[in-house]
Structure formats: structure tokens, C-alpha cells
There are 2 protein chains.
Amino acid sequence: MERKEISKAVISRLPRYYRYLGELMEDGVERISSNDLSIRMKVTASQIRQDLNNFGGFGQQGYGYNVKYLYTEIAKILGIDRQHNLVIIGAGNLGQAIANYANFERRGFIIKGMFDTNPRLIGLVVRGIEIRGVEDLEQFIVDNDVQIAALTIPKTKAPEIADRLVKAGIKAIWNFAHTDLVVPDDVVVENVHLSESLMRLSYKVCSMQDQEAENQNKS
Amino acid sequence: MERKEISKAVISRLPRYYRYLGELMEDGVERISSNDLSIRMKVTASQIRQDLNNFGGFGQQGYGYNVKYLYTEIAKILGIDRQHNLVIIGAGNLGQAIANYANFERRGFIIKGMFDTNPRLIGLVVRGIEIRGVEDLEQFIVDNDVQIAALTIPKTKAPEIADRLVKAGIKAIWNFAHTDLVVPDDVVVENVHLSESLMRLSYKVCSMQDQEAENQNKS
DNA sequence: TAGATTGTTAATCGATTAACAATC
DNA sequence: TAGATTGTTAATCGATTAACAATC
């Protein structure tokens, strides 16, 4: 079966398309042209058509794209029509924030368990899920067919836990720890480095200030 | 003053350089060549040299880069040597997670206040910061010279609060709400769309599974 | 001086945009 | 059929990598 590699840039745009299509559906919009969508999303129509055509022809000449159809097709591409079992490791504020995110289960992500090392947290129940100690982590992953682990623990503990997860057969790690994990090629890592995001924000603020100062000087 | 536009791709890599340099410093490493750093970071040496040269020559032929010097220079570029006053709007788990992030203040981000609409949260103290109602948001921003607002509220409330922030003269929004904010050109937005991150993870997991299934078929 | 390594130019690669024929 | 809009090819733009002269 032929399967040409889809570029990372295209994939990273799909969730945003998905979000806009969801909103269009809520607004009762049945069809939309690449041009109308491009105006809403502030991207080029060309890019939308090019992106979507990586996965086959979802549109129809002279008509545009059927919103509902496109929405479900993108869900299939992203794999959010399937079910993924997930654990959260680190039951602090960030772990709990993720556990409480309502739309989670709607997207097929089932939180099977939460883990922490803090004895004060162990035994507590968040969103109907009991917080466990990390001792029986491996067994739990195997028993519950867990594919994804959200890692919301300090960076010092992250590498060790990641190793244990990999050995237990985890397929993917959603990494919130401020470090790069080293894992085998067949284990997927998606990083959310909030500190890096904040630094990018800082850069933007400063360069905006510099720019404004410059404009002042000119006038 | 000449100031050639730095590409977004370069900026988004700077925080990662900064992180690695910080670790090298902790390890007591004094100097490093682009080649050695490239091996650690799993990027090309060429890219490192190209990236850094956007901001001037930080290295020395035959020697490499002085870790400490490069570290402080990148901090300057990112603007994290300056001080930024910040408020957190939305004192739920995510807002509290951000408030509790220890390295925050070390990077020059001073949390001046936290806000929420939930009467049960108002008055509570997190990390020495009292949670306030959003009524006096504008006044607080002006009085405390707040430049940045972290928005950790549901997407339904985000546009209205964003408008109020803009009118109060905020410079930047760190947006965790699952929506794109509409703001004037001189207001900076850095989005953290966790749901999109999770979908990218989902895609990667699925495409890895497909790939493995394919390899099975071949053998 | 010789060796190492940068800064920088040139070559390559990939991603975005433009254009238009195909077709609903 | 005529108009609209896609799918897709070609052109452009930007980012990454390679190469090497400059220089510490």
C-alpha cells in the first residue's frame, strides 16, 4: 500500500481546521469554500486545498466542502475517532487540569488512571479517578491496555518514569516536563514545553516594544 | 537602526538552546562547539551556527562558544533578563499550575495578581497571591503596570476578557483558551492549544500503528 | 605555525502561493 | 449551459544543509 509521507507542517494545521469546522457545524453551516474558510482562518485558500488534498479529494468542484463530512474525515485522519487509553502521571495542578478537561473523553481519550509519588495525594479522587502510587505503574499499564501517558511531573523525575513507561510498553508520551525525553523510535513523544512558550511570548513583547520605540524616534 | 527580521523558526528554537546551555552550565561545561552541541540536541551544527549568527558573532574560531556568555546573550535576545508583570485570569487548576511554576520569577515574570469569576475561589490565596474578582481587572492592570495576561479560562469567556484586557492596555496575552483571539496588531498573542497538541499526538500514535501493521504484512 | 572551529556564502531541499484546466 | 470552485501543476519563496575561506 502506497503511503506518501505527510509533512509535519500539514499535520500541525489539521487540528485547527478541525476546530473551525466544528464551530461552523455549531453555526449550522452546511458547506464552505476554501476561499471563505481561508478568510475566517487567515490563511490562503491555496494552502487549505493543498493540505486537504494530501489525504484525497474531500471537496467538489463548484460546490466547496461539506462541513460535516470534512469534519468527520479529519477526525479519522487524526485518529480521534478511535479510542485511546491514557494515564496521567503527576497529579498536581497540571495533571488535574488535564483530567478535568471536559472535551477529553469526547475525543476518544479515556483516562484510566492517575499516579503520583506524593503520599498526601494518593487515595484522593479526581473526576472519579483515584490517584495511585507509582509502584504498580507497569502492571496497571499492561492490565488496562494503556497507550498514552501524560507526564506532568518535574523534569528531575521524568527520565526515570519515561524509562519505566517504555519498558511497560507505552506507545506515546505527552510530555509536560521541561526536558527532552530519550525513547526508542517506536515510542511517540509530543512535547508541551510551557517555559519555551513563555520565552517566545517574552521575545515577541520585547521586539514589539523595540519596534514601537523605533517608530517614535522616526516621528 | 537596521534590524533585519528574524524568522519565526529561529525564535522558536532559541528557548531550547537556552535550556541546553543552562544544563551545560550546571554540568560545569565552560565552552562548546557547534558540533558537540548539535550532537546533544540532535540538530545540525550548521543550523546552530546559522541561527546564532542572526544576532551577531557569539563564537570564536578555533574555540567554539563560551557557554555562560552565550547563555546570557540568548536571555537578552529573548528578553527574559527584563522584568515583566503578569496576571493570571482563571484560577482553576491550569491557572494555579502556572502560578506554582517555580522558575517563573527567576525568568523575570512577576505574578501581580490572579482573577476568577467563581465566588468560591475569590479571596483564596495561591502562592501568596489573592484571587480577585474580575470587576476591577482594568484598574488593577493600569495600577500595577501589567504587561502580560495568562488566559486560563473557558473559550466562551475568552473573547470578552481579551477585549477588556486590550482596552486596559495589555501588551500580550498567553492564551490557553481553545479559541483564536482577535486583537489589534500591537498586542501579542502566544497560543497554547492543548487540545491541538493532543490531536497531533493522536495522529502520531495512529500513523505509528499503521506503519507497524504494514511492516508486519511485509514479513 | 598547525589545528580547530566559526562566520558566511552557495546549493539544496521543502513548503507556500499562484495559476488554471478539470469538473461539478 | 454558465458559474463556481476544486484538484493539481508550476513558480516562488524561505529555510535548511553543505562547503569552505577567514581567523582564533
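The structure displayed is predicted, hence computed values, not measured ones. Here is how names work: the chains are called A, B, and so on, in the same order as the sequence lines, proteins then strands, and each is numbered from 1.
- Rounded to whole Å, the distance from CG on A:Asn54 to C1' on C:dA15 is 11 Å.
- For B:Lys204, the NZ atom counts as densely surrounded, since its 6.0 Å shell holds more than 12 non-hydrogen atoms of other residues, nucleotides or ligands.
- Using a 4.5 Å heavy-atom cutoff, the side chains of A:Leu151 and A:Leu165 are in contact.
- Protein atom CG of A:Asp51 is 14 Å distant from nucleotide atom P of D:dT6, rounded to whole Å.
- Ion pairing between a basic and an acidic side chain is recognised when a charged N comes within 4.0 Å of a carboxylate O; B:Arg16 and A:Glu196 show no such pairing.
- The side chain of A:Tyr65 lies closest to D:dG7, out of D:dG7, C:dA15, C:dG7.
- Between B:Phe109 and B:His84, the ring planes are parallel. Angles under 30° get that label, and only those over 60° would be called perpendicular.
- At whole-Å resolution of the value, CZ in A:Phe58 and C1' in D:dT5 are 17 Å apart.
- Heavy atoms of other residues, nucleotides or ligands lying less than 6.0 angstrom from CD of A:Glu30 number 12 at most.
- Put simply, CG on B:Leu37 is 19 Å from P on C:dA4, counting in whole angstrom units.
- For B:Tyr18 against A:Met199, the heavy-atom pair with the smallest separation is CD2-CE, 3.8 Å.
- Distances shown here put every side-chain N or O of B:Ser34 at or beyond 4.0 Å from the OP1 or OP2 atom of C:dT5.
- The distance between atom CG of A:Asn35 and atom P of D:dT6, rounded to the nearest whole Å, is 8 Å.
- Taking atom CE of B:Met41 as the reference point, atom P of D:dT16 lies 13 Å away to the nearest angstrom.
- Between the NZ atom of A:Lys8 and the C1' atom of C:dT16 there is a distance of 18 Å, given to the nearest Å.
- Checking D:dT8, D:dA15, D:dT16 against every side-chain atom of A:Asn53, the shortest atom distance belongs to D:dT8.
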What string of B, S and - do you get for nucleotides 18-24 of chain D 5' to 3' if you count protein non-hydrogen atoms under 4.0 Å?
BBB-BBB
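- Closest-nucleotide positions on DNA chain C for B:Gly59 and A:Val10 were compared, and the one nearer the 5' end corresponds to B:Gly59.
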Please walk me through it: do A:Leu194 and B:Tyr101 pass side-chain contact (heavy atoms from CB on, under 4.5 Å)?
CA-CA 10 Å; A:Leu194 293 184; B:Tyr101 173 45; over 6 Å; no
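- A sub-4.0 Å separation between OP1 or OP2 of D:dA15 and a side-chain N or O of B:Arg13 is absent.
- Between B:Tyr203 and A:Ile6 the shortest side-chain heavy-atom distance falls below 4.5 Å.
- Here D:dT12 presents its P atom at 19 Å from CD of A:Gln47, a figure rounded to the nearest Å.
- Ring orientation note: the planes of A:Trp174 and A:Phe176 are nearly perpendicular, at an angle over 60° on the 30°/60° scale.
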Wobble G-U and Watson-Crick pairs count when both distances are under 3.5 Å; given that, what is the 5' to 3' dot-bracket string of DNA chain C, with | for pairing to other strands?
..||||||||||||||||||||||
